[in-house]
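Heads up: the structure comes next, in structure tokens.
Note that the structure is predicted; figures quoted are calculated from it, not measured. Below, chains carry the letters A, B, ... as their sequence lines are ordered, and counting in each starts from 1.
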There are 2 protein chains.
Amino acid sequence: MNNNSTFKEKLRLSGLRPTKQRIEICKFLFNRRDTFHFTVGELSKILRKKNSEKISLATIYNTVHSFKKKGYLKEISINSDKSYFDTNTSDHHHFLDVNTNQLIDLKNNEVRKVSIKKKIPGKKIKSIEVLVKIENDN
Amino acid sequence: MNNNSTFKEKLRLSGLRPTKQRIEICKFLFNRRDTFHFTVGELSKILRKKNSEKISLATIYNTVHSFKKKGYLKEISINSDKSYFDTNTSDHHHFLDVNTNQLIDLKNNEVRKVSIKKKIPGKKIKSIEVLVKIENDN
DNA sequence: ACACTACTTTAGAATCATTATAAAGTAAGT
DNA sequence: ACTTACTTTATAATGATTCTAAAGTAGTGT
Ligand SMILES: [Mn+2]
Ligand SMILES: [Mn+2]
Ligand SMILES: [Zn+2]
Ligand SMILES: [Zn+2]
């Protein structure tokens with residue numbers, strides 16, 4: 001279980017000053033077992049309710065981008081309306097429920113290994129991601 | 001090879017009036033052998049150069065969305081900055097060159113069948129799409 | 001404890017893709 | 001030709017994201 005002081009340490013080790021805003025965001029994002037998928041707007045609303053002192057939207061954008069750059073968050077493009085972020089930074093796949101717009105992680109062992117038969121000269125594969133759109137079964 | 005009158009017919013059959021704007025857009029988008037991936041902004045610029053009389057950006061948005069609704073175009077989300085459209089409306093996969101931001105089609109037989117082992121109760125699979133990010137090989 | 005500096009937060013403005021509005025134009029049916 | 005519903009268009013509005021620049025703070029050294 002992570003507490004304030006371990007987050008402080010981790011932030012410092014990443015070259016990020018442990019401000020109270022960043023620590024709050026860390027506590028919310030990283031003290032969880034399951035993956036969390038979110039937009040910056042959603043995160044902002046949730047933190048607004050949860051916390052006494054508000055964190056400005058600009059700071060949440062800054063922080064989320066810093067965390068992404070440091071490799072603690074991953075950006076996911078499922079919809080061009082807004083950007084989603086993912087606390088699961090490993091290479092993994094997703095269900096997207098088109099009725100609720102909710103993302104669900106698919107562990108790598110829940111998808112048979114994807115093998116690509118085509119090669120592009122001068123290019124190498126960086127990542128392979130599967131998006132499975134699901135809908136109500138009726 | 002499609003010409004103006006076949007597009008007129010196809011538009012009418014789809015319940016869309018064959019206006020000169022729609023016919024121009026059809027001629028540009030659908031008279032081609034290979035898949036074309038584009039954003040509305042790009043399409044607008046290209047048509048501006050190609051054509052004598054300009055088509056307003058609003059019309060291009062309207063038309064692209066109509067064509068999508070009728071199933072003649074597919075929307076692809078690879079980047080939350082802007083939306084991409086695809087003249088290949090079949091279920092298929094993509095390479096995304098992260099250096100150039102270019103999309104390349106992967107035919108279904110170029111990707112070994114993706115099999116999903118996990119089921120979500122009450123939901124059924126609508127589509128399965130693979131995005132393979134590639135980068136310069138050096 | 002104090003001072004200094006670089007980093008951070010913040011409100012508000014700017015940007016940019018996309019969508020909405022509503023007036024003028026046009027296709028199709030009578 | 002007349003009518004009507006559909007379409008195009010300029011323009012404004014929206015909304016997510018980024019930028020700006022001023023005020024605040026963490027880390028460092030004295
Ligand atoms: Mn969309
Ligand atoms: Mn992006
Ligand atoms: Zn995920
Ligand atoms: Zn394609």
Can you tell me how far [atom2] of [N] sits from [atom1] of [X], to the nearest Å?
X        : N       : atom1 : atom2 : value
Lys45(B) : dC16(C) : NZ    : C1'   : 12 Å
Leu13(A) : dA26(D) : CG    : P     : 18 Å
Lys82(B) : dA16(D) : NZ    : P     : 19 Å
Leu43(B) : dT18(C) : CG    : C1'   : 15 Å
Lys69(A) : dC7(C)  : NZ    : P     : 13 Å
Leu11(B) : dT26(C) : CG    : C1'   : 15 Å
Ile55(B) : dG25(C) : CD1   : C1'   : 15 Å
Ile23(B) : dT8(D)  : CD1   : P     : 10 Å

Specify the residue among Val40(B) and Ser56(A) whose closest nucleotide of DNA chain C lies further upstream toward the 5′ end.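 The residue closer to the strand's 5' end, by nearest nucleotide, is Ser56(A).
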
Please determine if a side-chain N or O atom of [X] lies less than 4.0 Å away from the OP1 or OP2 oxygen of [N].
X        : N       : value
His65(A) : dT17(D) : no
Tyr61(B) : dT18(C) : yes
Gln21(A) : dT25(D) : no
Lys54(A) : dA11(C) : yes
Thr59(A) : dT10(C) : yes

Residues 125-138 of chain A side chain polar contacts: donor-acceptor under 3.5 Å, at least two apart:
unit_1, atom_1, unit_2, atom_2, d
Glu129(A), OE2, Lys74(A), NZ, 3.3
Asn136(A), OD1, Lys123(B), NZ, 2.6
Asn136(A), ND2, Asn99(A), OD1, 3.4

May I ask you to decide if the ring planes of Phe7(B) and Phe30(B) are parallel, tilted or perpendicular, using 30° and 60° as cut-offs?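 The rings of Phe7(B) and Phe30(B) sit tilted, inter-plane angle from 30° to 60°.
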
At under 4.0 Å between heavy atoms, what does Ser83(B) touch on the DNA or RNA strands: base, sugar-phosphate, or nothing?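 Counting heavy atoms under 4.0 Å across all strands, the contact made by Ser83(B) is with sugar-phosphate only.
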
Give Asn62(A) one of three labels, base, sugar-phosphate or nothing, depending on what nucleic acid heavy atoms sit under 4.0 Å from its own.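 Base, at least one base heavy atom under 4.0 Å.
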
Looking only at atom types and distance, does a side-chain atom of [X] sit under 3.5 Å from a main-chain N or O of [Y], one as donor and one as acceptor?
X         : Y        : answer
Ser14(B)  : Lys10(B) : yes
Asn51(A)  : Glu53(A) : no
Arg22(A)  : Arg17(A) : yes
Thr87(B)  : Phe36(B) : yes
Asp105(B) : His92(B) : no

Closest nucleotide among dT17(D), dT18(C), dT9(D) to the Leu57(B) side chain: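 Comparing dT17(D), dT18(C), dT9(D) against the side chain of Leu57(B), the answer is dT18(C).
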
Out of dT9(D), dT19(C), dA11(C), whichever nucleotide has its closest atom nearest the side chain of Ala58(A):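 The closest nucleotide is dA11(C).
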
Salt-bridge test for Lys27(B) and Glu24(B): reply yes if a basic N is under 4.0 Å from a carboxylate O, no otherwise.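 Looking at Lys27(B) and Glu24(B), the cut-off is met.
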
Check nucleotides 27-30 of chain C against the protein and report each pair of N or O atoms closer than 3.5 Å, with its distance, or say if there are none.
unit_1, atom_1, unit_2, atom_2, d
dA27(C), N3, Arg17(B), NH1, 3.2
dA28(C), OP1, Arg12(B), NE, 2.7

